[in-house]
Amino acid sequence: MAISMAKLATFTVLALASTYLLKSLFPDQPPLVTSLPLLILLFPFFSFGSGGSNVPPGPIAFPVFGNWLQVGNDLNHRNLVGMAKKYGNVFLLRLGVRNLVVVSDPELATEVLHTQSVEFGSRPRNLVWDIFTDNGKDMVFTEYGDHWRKMRRIMTLPFFTNKVVQQYREMWEEEMDMVLRDLRADRAAQTEGIVVRRRLQLMLYNIMYRMMFDARFESVSDPLFQQATRFNSERSRLAQSFEYNYGDFIPILRPFLKGYLNKCRDLQSRRLAFFNDNYVEKRRKLMAARDGSSKLRCAMDYILEAEMTGEISSENVIYIVENINVAAIETTLWSMEWAIAELANHPNAQKRLRKELWDVLGDQPLTETNLPRLPYLQAVVKETLRLHSPIPLLVPHMNLDEAKLGGFDIPKRTKVIVNAWWLGNNPEWWSKPEEFRPERFLEEEREVEAVVGGGKVDFRLIPFGVGRRSCPGIILALPLLGLIVGKLVKEFEMVPPPGVEKIDVTEKGGQFSLHIAKHSTIAFHPINKAP
Ligand code: HEM
């Protein structure tokens with residue numbers, strides 16, 4: 001087949017640019033490696049495009065690199081919207097040996113998450129996630145199948161039922177009331193303001209560790225708290241980084257990732273030993289000493305019971321702990337930070353919320369049982385999750401076998417992502433989506449049920465996903481968010497620190513998370529009577 005001059009020229013420029021890039025990235029590597037792009041020129045030129053099958057549209061793919069050099073590493077929710085406008089609501093990117101399909105409209109999202117939730121119910125893996133999950137011994141990142149089903153079932157009873165919410169709601173309120181007490185006693189918090197994230201992080205760790213292990217941390221200086229947060233944030237940093245993409249996409253470059261992967265392995269073994277030695281083993285000893293009549297006290301006791309009956313292995317036990325540390329704490333914390341920042345920037349919304357809280361509760365403190373009586377509070381939570389989904393592209397899905405989507409063929413083992421942020425922020429479907437305006441959920445969007453669950457799902461608002469692989473933690477995350485936001489607003493006026501007009505709500509994302517770029521400093525002015 002003849003090749004056009006334009007294609008040849010593009011190819012040559014690309015190959016030279018890549019050679020240059022590799023040479024500067026790896027100056028000490030042998031010429032075989034750095035001249036790889038030129039060798040690629042010798043490859044058959046006509047592996048451009050889709051290879052002839054009926055795959056979704058997308059940019060022209062080059063041999064070996066696919067679209068990677070064109071689209072780069074940072075495939076964040078906003079960049080993907082730009083591509084969807086060009087290629088359509090389902091498009092395909094080839095990133096080296098990996099295929100990535102991006103879905104950007106509610107109907108196709110329904111297909112992936114609901115109608116074909118078995119077909120698209122797996123998770124893709126990569127070199128780093130393989131290390132952090134020991135090739136899928138966990139639940140969050142494992143493939144769809146018997147192992148996932150068993151893990152999800154075993155985790156549901158101690159973590160994800162309404163009974164669990166009822167069992168723990170007073171403990172949650174107690175931890176939150178300690179935050180309010182600390183803010184009232186903190187002069188700096190009331191004058192120049194504080195980075196409230198640190199205190200909320202301690203609160204959330206305490207809530208999750210009390211549920212998991214019946215254990216808590218005394219303060220932010222507790223050495224165990226410092227170790228736990230350091231291990232978890234280092235794990236997130238390594239897993240979320242774009243640094244390892246080149247080795248993941250292009251197998252021939254994997255030897256250069258050895259140092260990075262060893263760092264991940266080393267961290268993972270120290271981190272799992274930390275969970276095991278300080279928490280799991282202690283519960284195991286208590287379980288061994290327990291007589292049949294004593295009650296199971298915390299989630300770990302139920303999990304260890306499943307280990308004792310041979311349903312799961314000790315490795316699975318530790319990966320459940322790892323998954324809760326990864327999935328539960330930072331996601332909820334990011335949402336709290338966004339909600340507080342937006343309320344500080346929108347005094348009218350804050351005033352309206354405070355009025356609702358005082359009208360409904362009077363002098364009484366907010367409790368979990370009151371939440372259904374506070375529609376504006378629920379609207380604030382929904383609006384926060386719509387505008388700032390902590391996981392804007394959901395956790396990636398994958399089809400184990402070849403599948404169909406929107407009339408296209410999806411090659412097997414394609415990473416499929418749903419741009420959930422765009423579903424909640426597309427101006428074709430939402431009025432002025434860039435505005436933080438909770439009242440939309442009491443006015444034109446009264447029917448949106450997705451976030452509160454239970455009702456009919458509106459696929460425009462799915463910050464927790466939907467269907468088989470949706471977030472089971474929604475049952476905890478929503479009341480936790482409502483409670484802390486409501487309690488703070490009832491007792492404090494939250495404002496930017498002196499001299500600052502607006503809190504900076506610039507975003508920062510990783511491979512799939514989205515959080516506030518700079519942790520905000522907020523001043524908390526105590527309120528003692530009804531507004
Ligand atoms: C605001 C807080 C949270 C948000 C926005 C959130 C969001 C998500 C999303 C988008 C997914 C993937 C859904 C999909 O792939 O379709 C997910 C999965 C998951 N989340 Fe959450 N989550 C939150 C809090 C929690 C909490 C508190 C827990 C546990 C206590 C939790 C546990 C999990 C687990 C175990 C999965 C994996 C489910 C599976 O693969 O089967 N999450 N979450």
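These numbers were taken from a predicted model, which means no experiment stands behind them. Only this structure's heavy atoms are used, side chains among them; waters, hydrogens and symmetry mates stay out. First listed ligand is number 1; within each ligand, the first listed atom is number 1.
- For the ring-ring contact (aromatic ring centres under 6.0 Å, His included) test, no residue two or more places apart in sequence or in another chain qualifies with Y319.
- Contacts of W334 classified as ring-ring contact (aromatic ring centres under 6.0 Å, His included), with partners at least two apart in sequence or in another chain: H515.
- Within 4.0 Å of ligand 1, counting heavy atoms only, the contacting residues are R123, M139, V140, W148, R152, F160, M208, A327, A328, T331, T332, S335, P390, I391, L394, V395, H397, P463, F464, G465, R469, S470, C471, P472, G473, L476, A477.
- Under a 4.0 Å N-O distance rule, the pair E322/R271 qualifies as a salt bridge.
- Salt bridge absent: R386 and E445 never bring a charged side-chain N and a carboxylate O closer than 4.0 Å.
- At a threshold of 4.0 Å, the pair E175-R216 counts as salt-bridged, since one of the basic side-chain nitrogens sits closer than that to a carboxylate oxygen.
- For F436, the ring-ring contact (aromatic ring centres under 6.0 Å, His included) partners two or more places apart in sequence, or in a different chain, are H346.
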